S.K.: 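Can you keep this structure in mind? I'll have questions shortly.
Note on naming: letters A, B, ... go to the chains in the order of the sequence lines (proteins, then strands), and numbering restarts at 1 for each one. Just so it is clear, the model here is predicted, and its values are computed rather than measured.
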Amino acid sequence: MPDLHMVVCVKVVPKSEEIRVDPETMHLIREGVRSEINPPDMNALEMALDLKDRHGGRVSLLSMGPPPFETYLQAALAMGADHVYLLSDRAFAGADTLATTYTLAQGIRKLGDVDIVFCGEESADGATGQVPSGLAEWLNVGQLTLLTNIEMDLKRGVARGHRELKGGYEILEVPLPVVVSVTTACNEPRFMDYRIKPWAFEAGRVTVWTAGDLDADENHIGFNGSPTVVSSLAEAPSRERKKQFLEGSPAEIAQLLLNVFREDLPQ
Amino acid sequence: MTVSLYNPGEEQKSILVFLEHEGGVLANVSLELLGKGREMADGLHWSLAGLLMGHQVADLAHEAIAYGADEVWLGEHPLLQFFTIEAYAHTAFQAVSDGKPSVFLLGATPNGRDLAGRLAVRLRTGLNADCSGLRIDPDSGVLVSEVSGFGGGVLALIEMRTHRPQMATVRPGVFTPSEMDRNKNGKVIEIPLVLEEDMIQTQVVEREVGSGIDLTRTPVLVAGGRGIEGDFLMLQKLADLLGGDVGATRPPVDEGHIERQRQIGQTGVVCSPEVAICCGISGAFHFVVGIEKANTVIAINSDPEAPIFDYADYCIVGDVHQIIPEIITALRSEGEIAHA
Amino acid sequence: MRIIKGNNLEVSPLEDEDLNAVRSSHIVLDDELWDRIIELTDGAAALCYQCGVCTASCPWGEVKKEPLSVRTFIRRAQLGLADGNESLWLCTACAQCEAYCPRGVNISDVFRGLRTIAWERRSVERGLPSMLWSLYWNGNPWSQPPSQRSLWAKNLDIPIFNPQHHEILLYIGCTSSYDHRAQKIAQSLASLLLAAGVQFGILGDEEPCCGEAVLSVGNKPYFKEVVRETLQVFQEKGVHKLVTISPHCFDVFQNHYPRVGGRDVILPIHYTQYLAQLVDEGRLNFSSTVRPNEKTNPSNEPIIDDTGEPNVIKITYQDPCFLGRHNSEYEAPRRLLEALPGVEIVEMEHSKVDGLCCGGGGGRMWLETFPGERFSDIRVVEASQSGASILATACPFCLVCLEDSVKGARLEDMQVLDVAEIAAMAL
């Protein structure tokens with residue numbers, strides 16, 4: 001079979017600790033907030049690059065967002081990917097999971113002959129974890145989720161995934177093409193290769209595609225394509241540690257802790 | 001505007017819950033969703049249905065009824081014995097298209113998430129993932145979901161007004177199951193199924209449940225340092241009672257009290273449990289980076305000046321060898337009361 | 001291509017088609033790689049005549065059965081061999097070998113050069129890529145939020161650096177910004193500077209990383225990038241004279257930042273040097289007796305012995321490698337300690353140029369050192385044998401490593417403190 005073509009979906013997210021909500025407008029304050037590539041997506045990219053090291057082929061990065069995201073994606077390109085595509089259009093704004101998965105699927109269709117689509121387990125901002133299987137549905141292909149490892153049987157054209165389950169595992173086989181989601185922190189993303197970096201950071205290295213380029217149905221993108229609306233947004237109560245000293249006899253302290261467990265733990 | 005397969009005008013006033021099971025037992029998260037579903041349905045005079053798929057699982061249907069379901073929609077087929085996304089999505093899609101529930105709830109488990117993501121797209125509807133709270137507006141019948149993002153830093157309320165079903169996933173432990181009532185009546189409705197082997201692409205090659213150490217995902221971390229003087233058996237008892245696992249700082253690992261895979265911190269594992277209990281740990285920075293993502297941190301140390309208290313929500317100055325056995329006793333007696 | 005047959009150093013040219021057959025049975029020399037090693041190490045290895053003093057003086061020999069063969073590494077560098085070897089990551093860049101090398105080889109730099117090649121070949125120790133990514137996304141190697149960098153100074157009211165008003169920039173560094181233990185050094189130092197009436201400021205959350213962690217693990221190209229960005233921040237903020245807490249920051253500013261137009265862009269000073277200078281100038285005065293151990297002496301009153309004289313407290317000083325051997329500063333911290341009332345300095349068996357490394361340099365702070373192999377375990381025993389009750393140091397890495405070992409060895413009468421913390425007690 002021809003060279004493997006792998007696509008890694010990558011999201012640029014503001015760093016969680018830095019995010020604030022404007023109480024008046026109920027919008028996220030993004031100014032001055034440092035961003036990064038969604039850490040689980042880095043694990044997905046590492047898995048793809050590792051497959052490329054073993055089997056050859058090429059790795060394309062696919063992302064959605066405004067043009068300033070380019071420099072973040074270029075860092076991922078400098079890890080050893082071959083191409084980067086940024087889906088960027090005002091019409092994509094306000095997308096929820098349904099519209100996002102549609103838009104990414106259109107991007108993948110435009111790339112053509114894709115064998116494996118890699119996604120991180122979830123995004124640090126929305127944390128829905130629903131993009132991989134939604135994407136697989138739009139593309140009408142199989143899926144392997146929560147993998148910690150992947151092996152290829154290129155002769156048979158199947159991917160064999162090692163999947164983590166609660167206190168156990170599963171080994172699943174799915175014919176290509178397939179959408180894969182990768183367990184967070186299952187590998188260590190390589191650092192940028194500085195022999196590649198100057199190339200990766202050249203101007204124009206990122207291919208930007210608009211809604212028109214994707215031949216996207218305007219009913220399915222952005223606000224229009226999003227069934228859900230956010231009716232209120234607020235900062236969660238302070239995330240600083242309480243540093244509350246519990247006092248009493250060991251038995252009394254044990255009772256106080258039982259209350260803590262009741263509040264904070266799954267039953 | 002995108003249009004869902006059926007709209008609010010066509011919906012049935014009902015809440016559907018995806019019933020997960022493993023080894024002939026309904027998953028806790030499914031019972032919890034039945035509990036929450038029951039509560040919301042009662043307030044609105046809606047009905048509560050369970051969606052049960054599997055092979056030879058009819059017994060579980062009665063269990064679901066006892067936990068609050070008015071109806072169980074049963075997809076019974078040999079090809080549903082193990083979860084495969086193709087067979088389960090096909091069956092669930094058929095059930096939902098036929099029954100047209102207003103609300104469809106799933107556990108935010110690996111399989112629940114996979115199924116939810118597929119179905120939302122197939123049904124062209126919205127999906128509120130990992131909700132920490134649910135409420136149905138009595139006038140509009142709109143489901144209002146509370147979700148958090150950015151590592152819990154931001155809370156949002158999300159709703160969908162024009163699309164059905166209103167899908168949501170909920171993590172285990174958010175809601176409480178209702179009391180079981182063996183005398184409760186309910187209907188079991190079989191889903192007419194046409195499933196063929198060739199519809200299923202996914203092949204399960206190997207499967208093992210219950211093995212391996214994975215501290216990154218444990219809901220409760222009980223970590224021990226120098227101060228526990230090697231008594232990890234005590235910590236293991238506590239962890240077992242709380243459904244968690246045991247970790248350690250570097251010194252006990254060095255001294256051979258516990259395996260190195262359980263070392264937490266900069267050169268070990270970074271955890272994100274709901275609760276981390278730090279026992280006899282002074283709180284060196286190298287360790288602390290491994291528990292910073294915990295929702296709640298409890299620290300027990302005999303030294304009131306120990307830096308660990310700067311990183312804890314609940315601080316206990318005292319002897320771990322006295323306090324932990326008390327917690328174990330208290331948990332056990334609570335468990336006995338619950339089972340009585 | 002050249003080849004070496006077996007252990008014989010006879011070199012012969014090689015035909016292309018035989019290459020694969022030869023690879024399996026011979027060591028293959030790669031001219032290109034050879035050139036690259038020469039380039040990355042500035043030819044440092046060429047000076048070596050293989051006497052082996054480096055291997056003999058390497059502290060790994062104290063803790064491992066097989067010493068780290070520093071000589072072999074240099075030989076490999078001379079020959080253009082750089083295949084992966086996990087021992088490459090053991091070097092703590094303590095420079096003990098350099099102190100005795102009769103040819104003056106910059107051995108730390110040879111190791112950094114070999115590590116640079118290891119990055120290119122992706123044969124680096126687990127944990128190190130994550131450390132670099134942390135620096136890339138967070139601006140610090142400790143995976144900490146950039147917005148919390150100046151949290152250590154929350155209640156101290158230290159102004160943001162302004163070149164119009166301030167004599168110096170107090171450069172905190174990543175470890176003292178985030179590590180709660182090391183934050184106490186920063187807090188103590190700030191109180192000393194305030195007491196001496198020094199006009200100083202900090203850069204707050206905008207303080208950039210010096211890049212030492214990157215250099216120490218040998219990612220030279222990324223280091224260059226960090227240097228460029230950090231110097232740009234310094235330039236924008238009008239920074240010239242800066243006082244560092246960590247000798248690692250000091251060394252990298254002093255010896256690895258570029259000099260432009262024959263003039264230093266920045267003028268780094270280690271805080272022990274700066275405080276000693278303040279003492280000399282009469283700006284910094286100490287009036288209290290040092291009584292550190294609050295647990296054994298909660299009233300903080302001088303302990304009076306049988307003769308009615310207050311006891312002096314015995315302090316021994318750990319020379320941080322990057323202040324001592326790398327920058328030949330042995331005297332300033334000792335002068336500072338001597339200026340404190342009620343303090344007597346005692347030396348350990350090995351000190352100054354022979355002072356044993358804590359084990360935290362060369363990027364080892366981000367790698368696990370297994371029990372029985374930690375230099376600091378040996379060091380705290382030496383400290384204890386010196387009769388001192390305080391083990392002083394002037395480096396956050398030393399502080400963390402030594403304190404860990406003191407706890408491990410259960411030396412309950414020994415306290416590890418930074419020189420700044422001790423000095424602040426004497427204000």
S.K.: Please classify the contact between B:Ile200 and chain A as side chain, backbone, both or neither, with a heavy-atom cut-off of under 4.5 Å.
M.R.: neither
S.K.: At a heavy-atom separation under 4.5 Å, does A:Leu172 approach chain B through its side chain, its backbone, both, or neither?
M.R.: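 Interface part for A:Leu172: both.
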S.K.: A:Val230 versus chain B, heavy atoms under 4.5 Å apart: side chain, backbone, both or neither?
M.R.: both
S.K.: Using a 4.5 angstrom heavy-atom cutoff, name the option from B:Tyr314, B:Phe309, B:Phe82 with the most pairs to chain A.
M.R.: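 The option with the most such pairs is B:Tyr314.
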S.K.: So which residue, B:Leu331, B:Ile85, B:Val121, ends up with the most heavy-atom pairs under 4.5 Å with chain A?
M.R.: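 If we count pairs closer than 4.5 Å to chain A, B:Val121 comes out on top.
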S.K.: Just one of B:Val220, B:Leu242, B:Thr296 clears the side-chain contact (heavy atoms from CB on, under 4.5 Å) bar with A:Phe261, so which one?
M.R.: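 In the set B:Val220, B:Leu242, B:Thr296, the residue that makes a side-chain contact (heavy atoms from CB on, under 4.5 Å) with A:Phe261 is B:Leu242.
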S.K.: Can you tell me which portion of A:Ala234 sits under 4.5 Å from chain B's heavy atoms? Options are side chain, backbone, both or neither.
M.R.: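 It is both, since atoms from each part get that close.
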S.K.: If you count heavy-atom pairs under 4.5 Å between each of A:Leu146, A:Val131, A:Ile221, A:Thr145 and chain B, which one has the most?
M.R.: A:Thr145
S.K.: Could you look at B:Ala116 and say if it's the side chain, the backbone, both or neither that has a heavy atom under 4.5 Å from chain A?
M.R.: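 Answer is both: backbone and side chain atoms of B:Ala116 are under 4.5 Å from chain A.
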S.K.: Hey, could you give me the CD/CG distance between B:Gln201 and A:Leu176, rounded to the nearest 0.5 Å?
M.R.: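 Going from the CD atom of B:Gln201 to the CG atom of A:Leu176 covers 10.0 Å.
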S.K.: Calculate, to the nearest 0.5 Å, the distance between atoms CD and CZ belonging to B:Glu334 and A:Arg262 respectively.
M.R.: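 The distance works out to 4.0 Å.
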S.K.: Got a second to check how far A:Asn219's CG is from B:Arg124's CZ, nearest 0.5 Å?
M.R.: 11.5 Å
S.K.: Could you tell me which portion of A:Thr101 (side chain, backbone, both or neither) has an atom closer than 4.5 angstrom to a non-hydrogen atom of chain B?
M.R.: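 It is the side chain, since no backbone atom gets that close.
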S.K.: Taking CZ in A:Phe245 as the centre, count heavy atoms belonging to other residues, nucleotides or ligands within less than 6.0 Å. Is the count above 12?
M.R.: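 Counting other residues, nucleotides and ligands, CZ of A:Phe245 exceeds 12 neighbours.
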S.K.: Identify the heavy atoms of B:Thr125 and A:Pro227 that sit nearest to each other, and give their distance.
M.R.: C-CG, 3.6 Å
S.K.: Against chain A, work out which of B:Gln166, B:Glu206, B:Glu86, B:Arg207 has the most heavy-atom pairs shorter than 4.5 Å and name it.
M.R.: B:Glu206
S.K.: Relative to chain B, which segment of A:Leu28 carries a heavy atom at a distance below 4.5 Å: side chain, backbone, both, or neither?
M.R.: side chain
S.K.: Hey, which of A:Val141, A:Val174, A:Val13, A:Leu98 has the most heavy atom pairs under 4.5 Å with chain B?
M.R.: A:Leu98
S.K.: Does any heavy atom of chain B fall under 4.5 Å from the side chain of A:Ser226, the backbone, both, or neither of them?
M.R.: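 Contact with chain B is through the backbone of A:Ser226 alone.
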S.K.: Please state whether the side chain, the backbone, both or neither of B:Ala330 comes within less than 4.5 Å of a heavy atom of chain A.
M.R.: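 Its backbone and side chain both get close to chain A.
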S.K.: Can you tell me how far apart NZ (A:Lys243) and OH (B:Tyr311) are? Round to the nearest 0.5 Å.
M.R.: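 The OH atom of B:Tyr311 is 9.0 Å from NZ of A:Lys243, to the nearest 0.5 Å.
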S.K.: Pick from A:Ser232, A:Gly134, A:Gly161, A:Pro14: which one has the most heavy-atom pairs with chain B under 4.5 Å?
M.R.: A:Ser232
S.K.: If you tally heavy-atom pairs under 4.5 Å against chain A, which of B:Met160, B:Gln322, B:Glu159 wins?
M.R.: B:Glu159
S.K.: Under a 4.5 Å heavy-atom cutoff, which of A:His162, A:Glu247, A:Glu173 has the most pairs with chain B?
M.R.: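 Result: the option with the highest number of such pairs is A:Glu173.
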S.K.: Give, for atom CZ of B:Arg113 and atom CD of A:Glu121, the distance between the pair rounded to the nearest 0.5 Å.
M.R.: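 Answer for the CZ-CD pair, B:Arg113 versus A:Glu121, is 6.5 Å.
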S.K.: Do you know which of A:Gln255, A:Arg163, A:Glu218 has the most heavy-atom pairs under 4.5 Å to chain B?
M.R.: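 Highest number of heavy-atom pairs under 4.5 Å: A:Arg163.
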S.K.: Enumerate the residue pairs fulfilling salt bridge (Lys or Arg N to Asp or Glu O under 4.0 Å) with a member in residues 309-320 of chain B, sequence neighbours excluded, ordered by first and then second residue.
M.R.: A:Arg241-B:Asp313
S.K.: Could you check whether any side-chain N or O of A:Ser133 sits under 3.5 Å from a backbone N or O of B:Asp114, counting only pairs where one atom can act as donor and the other as acceptor?
M.R.: yes
S.K.: Heavy-atom distance under 4.5 Å to chain A: side chain of B:Thr218, backbone, both or neither?
M.R.: neither
S.K.: Out of curiosity, A:Ile253 CD1 to B:Ile298 CD1, how far, rounded to the nearest 0.5 Å?
M.R.: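 Between atom CD1 of A:Ile253 and atom CD1 of B:Ile298 there are 11.5 Å.
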S.K.: Using a cut-off of under 4.5 Å on heavy-atom pairs, state which of A:Ile171, A:Asn224, A:Leu257, A:Asp96 scores highest against chain B.
M.R.: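 The candidate making the most pairs under 4.5 Å is A:Ile171.
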S.K.: Kindly check if the number of other-residue, nucleotide or ligand heavy atoms within 6.0 Å of CG (A:Asp215) is above 12?
M.R.: no
